[in-house]
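Before any comments, here is the structure.
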Amino acid sequence: WSWFLLAALVSARMAGLRMDFGLLLEPLGFIKVLEWIFSIFAFATCGGFQGETTLLVSCKGVINKTVTAAFAYPFRLNTVVFSAPDPKRCGGTWTDVYLVGNFSSSAQFFVTLAVLVFLYCIAALVVYIGYKHVYLQNRKFPLTDLAITVITAFLWLASTLAWAKALADIKMSTGARLIPGIESCKAPGTSCHFASVTSMGTLNVSVVFGLLNMVLWGGNIWFVYKDTNLHNQSNRISQSP
């Protein structure tokens, strides 16, 4: 991506700037603006999340003590520990309790793609608005743009599915189902009850924006394809007797 953008901007600068904001009203430019906006929402709703899960613990000398485990992006839950219910750790029966799972790969894949798409859309809009004549005159630019669009649509599909699966596992690892896996809660005289977990509505929204980005980039393939010589060749073939 970086090589394409650098080559495009250098060549375009040599050709001269011709500003045409009217292209933003055409499908090619308008969809690119939507892709830019939706990529912002995708990485903001996922990368900015912070939450905590809370338990009520009763043990020796402690009744319904609130213990919390704070977690956030990139969701390395296996490094998150619950606070001890009391300084004496319930008479020695309470040991460090960690959440289960490391979902950083799926989360970072999703957010990193969204950030790269954000940057690419900015560069593409600069080329579309200021140097569209260079874009159309050089056959390599539309073809490269088409290849990037196809690859990006596939990456949105893969990253969104991976992140959706990871989100489902995160909800399980931070919800009421985590209690049976806590050995300290099984100690004699100790009981644990699930209290609450931070709402993950924004993470659900991030998955929705991932799907919307996939649809946008998939639909954009046709509009980018129309500017390539492949489309012009197919038209000439279909019109020939």
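By convention here, the first residue in the shown sequence is residue 1.
Residue pairs satisfying the side chain to side chain donor-acceptor pair (under 3.5 Å) criterion with at least one member in residues 172-181, sequence neighbours excluded, are absent.
In this structure, the separation between OG1 on Thr152 and CG on Asn220 is 10.0 Å, given to the nearest 0.5 Å. Remark: Ile63 CD1 to Lys65 NZ distance equals 12.5 Å, nearest 0.5 Å.
For CZ of Phe109, the number of neighbouring non-hydrogen atoms (other residues, nucleotides, ligands) closer than 6.0 Å is greater than 12.
In this structure a side-chain-to-backbone donor-acceptor pair under 3.5 Å is present from Thr198 to Glu52. A donor-acceptor contact shorter than 3.5 Å is absent between the side chain of Ser206 and the backbone of Thr45. Between the side chain of Lys186 and the main chain of Pro180, a donor-acceptor pair closer than 3.5 Å is present. Side-chain atoms of Thr190 never come within 3.5 Å of backbone atoms of Cys185 as a donor-acceptor pair (strictly under, hydrogens ignored).
Scanning both residues, Asn213 and Ala42, for their nearest heavy atoms gives ND2-CB, 4.0 Å. Across Val67 and Ala84, no two heavy atoms sit closer than the pair CG1-C, 4.1 Å.
Cluster membership check: Val117 shares its hydrophobic cluster with Leu161, using side-chain heavy-atom separations under 4.5 Å among Ile, Leu, Val, Met, Phe, Trp and Tyr. Taking hydrophobic clusters as Ile, Leu, Val, Met, Phe, Trp and Tyr residues chained together by side-chain heavy-atom distances below 4.5 Å, Leu178 does not share a cluster with Val100.
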Check: Does the side-chain contact (heavy atoms from CB on, under 4.5 Å) test come out yes or no for Val97 and Leu55, once each step is laid out?
Finding: CA-CA 12 Å; Val97 177; Leu55 303 180; over 6 Å; no
Checklist line | Steps toward ring pair (Phe, Tyr, Trp, His ring centres under 6.0 Å) verdict (Trp94, Phe82) | finding: CA-CA 11 Å; Trp94 185 273; Phe82 278 98; 7.4 Å; no
Next item on the list: Start with the C-alpha gap between Ile151 and Trp217, add the side-chain angles, then the distance that decides, and say whether side-chain contact (heavy atoms from CB on, under 4.5 Å) holds.
Entry: CA-CA 9 Å; Ile151 293 173; Trp217 283 86; over 6 Å; no
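Between the side chains of Ser184 and Thr95, at least one donor N or O sits under 3.5 Å from an acceptor N or O.
Less than 6.0 angstrom separates the ring centroid of Phe209 from the ring centroid of Phe38.
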